[in-house]
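In what follows, a single structure is set out as structure tokens and then discussed.
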Amino acid sequence: MTKTLLVTSALPYANGDIHLGHLVEHVQTDIFVRFQKHLGHACYYMCADDAHGTAIMLSAEKDGVTPDAYIDAVKAQHISDFKQFNIDYDHYYSTHSEENRVLSESIYNAANDDGGIIKKDIQQYFDEDKGLFLADRYIKGTCPKCGATDQYGDACEVCYATYSATELVDPVSALSGKPPVLKESTHYFFDLEKYREHITQWLATDPVSDPVKNKLNEWLTGDLKPWDISRDAPYFGFKIPGTDDKYFYVWLDAPIGYIATTESWATANGKTCHAFWKNDAVEIHHFIGKDIMYFHTLFWPAMLAVSGFNQPKKVHIHGFLTVNGEKMSKSRGTFILARDYAKLLNPDILRYYYAAKLSSSMDDIDFNLEDFVQRINSDVLGKFINIGSRIGAIVTKKLDGQLSTIDAEGLALLDDILAMSDAISDAYQSLDTHKGMRMIMQCAELANKYIDDKAPWALVKDNADAARVVCTVALNALRILCIYLAPVMPGVTQQLFSFLGVSSQHWAQLPQHITNATLAPYEHVLKRLTLDDVAPLVNTTQ
RNA sequence: CGCGGGGUGGAGCAGUGGUAGCUUGUCGGGCUCAUAACCCGAAGGUCGCAGGUUCGAGUCCUGCCCCCGCUACCA
């Protein structure tokens, strides 16, 4: 049965470059989406830049451009970066859009009409030089608990204490360097506690894994604190309806960007977002990092429920990327930008490496340069592409590029490889791509053993017909492996499909063996890696 | 006592009660079609430490040690 899915990756913040960490999520999502499409499902992949907030306003100011010009430039760069990695969005939009403004207002109004918005006067630090209220991260001072200096306004990095900015000793504005003053302001809050029932009902539908559910239950056993959704002018964002100087906090309109992106895409295709977000038949899947779990599993389902939109079927949460076992760090030179990688290496092999490491858990994964070289050479080159390379050479040089038929023994091999398809499919479906890649490589080993047993290079000398059968079998094994791997390595597998003389193939075509075909000469699709090839990724001189 | 995740052969990882596995790396052999590839075989682990439960523990319980995240340049 054909399903309809709407899939999202978290919206990258329009205040920085895309790096290998973002790519973990977007590659994981893209593999999932491509796999769904391979199965024949209607699957739409929506993403956008998250374009609001103080940080962006300040960055634009620093660059001497308007926020609009700033976010446009960043968005263009983001789209170009993702494209290089074969991330195939159906639409990539921006939260700074008319659709998002309309939707944010209507969702806010729905919550307000429901009595879900509270107003409270709060005291907040204010930078008189800049004329800005200061978020915790823009205030520095001495930790009230341990006396460490130069700490942020929310937590101490030395003693791990958490506190409010007003408790900091000798606070200064990180923007002007001057002591801030306390100023009163009315803020708007989303009354999360009011929607506890919605959240627990949603959780009962099994949208998250058990470890995530445990973590959420921790939060849910306490009071759900009202969520501060307003910011005072000046702020780059949407004005809150009925106010003159209050803006939606960026995290209010960011997830709504998922719907707004859908709307923008749907309008261009003669539909509306309601066909997806108010239609029970559509499965909504969010892919996010573990750091933003809170927003997507508490506020977001509550906001959707109060405004009559469907809640997500699944929220898939992944861990972070470390480089050579350590947190990515600009000072260590391990903060690797997507476009810097793409200048050096083929994006598909990074996708494979991630797939070989990713699971459905929130565990962090490590990008280890040495391990990367070994894994790519061994799996992708040695096991997978090698089938094409060794057989392609024989077919091209000795057999005039001509295939024949498959014998009973060859059929047995192909059946063994095809027998793995359900397990591989399950692995893709459950995001346990590490298991999937392992199984696919086992299939590749079977094919290599078969080739070794049959020794077509010897056979070709006095029995070209028999050699031709072996080559036909081996290349059909390769064709099956290409279908298995197509969601992970779309570029590489497309090249191999071209060699095999077929257009891109889908899951349903697994058993359709090719026989009696004439092949173009085999050409290498990837180069083996050496450590010297990958070493420039990290800047070790710093 | 802040909370959470984790410690399995050199490296990266599977494995939640029943003779310790996979990939890679190392060593030896084979093959020579292929991008020093592929095939066969071997060595290499007291499963962080110490107790406990059990006929039996990597797997369950208790205590301890260490690493990582929760906080940053962030997803």
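Worth knowing before you read on, the calculation uses all heavy atoms, side chains too, and leaves out hydrogens, waters and symmetry mates. A note on names: the letters A, B, ... follow the listed sequences, proteins ahead of strands, and every chain is numbered from 1.
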Please classify the nucleic acid contact of [X] as base, sugar-phosphate, or nothing, using heavy-atom distances under 4.0 Å.
| X | value |
| --- | --- |
| Lys383(A) | sugar-phosphate |
| His22(A) | sugar-phosphate |
| Ala10(A) | nothing |
| Leu526(A) | base |
| Gln374(A) | sugar-phosphate |
| His19(A) | base |
| Asn386(A) | base |

Check your understanding: Given the P atoms of G5(B) and U24(B), what is the spacing between them in whole Å?
Key ->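 G5(B) and U24(B) have their P atoms separated by 33 Å.
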
**Study point:** Rounded distance in Å between the C1' positions of G63(B) and G10(B)
**Key:** 32 Å

Practice item. Please determine, for the side chain of Lys449(A), which listed nucleotide (C39(B), U23(B), A75(B)) has the closest atom? Key: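 Of C39(B), U23(B), A75(B), C39(B) is nearest to the side chain of Lys449(A).
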
Check your understanding: Going by the angle between their ring planes, with limits at 30° and 60°, are Tyr341(A) and Phe372(A) parallel, tilted or perpendicular?
Key ->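 The arrangement is perpendicular - the two ring planes meet at more than 60°.
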
Review point. How long is the line joining CD1 of Ile385(A) and P of A36(B), in whole Å?
Key: 14 Å

Exercise for review: For RNA chain B, just give me the dot-bracket, please: Watson-Crick or G-U, both distances below 3.5 Å, ( ) intra-strand, [ ] crossing earlier pairs, | paired with another strand, . unpaired.
Suggested key: .(((((((.[[[[.)..(..]]]].(((((.......))))).....[[[[[..)....]]]]])))))).....

**Study point:** Aromatic centroids of Tyr258(A) and His286(A) separated by under 6.0 Å
**Key:**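 They qualify: ring centres under 6.0 Å apart.
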
Review point. Are side-chain N/O atoms of Asp432(A) and Ser360(A) paired as donor and acceptor at under 3.5 Å?
Key: yes

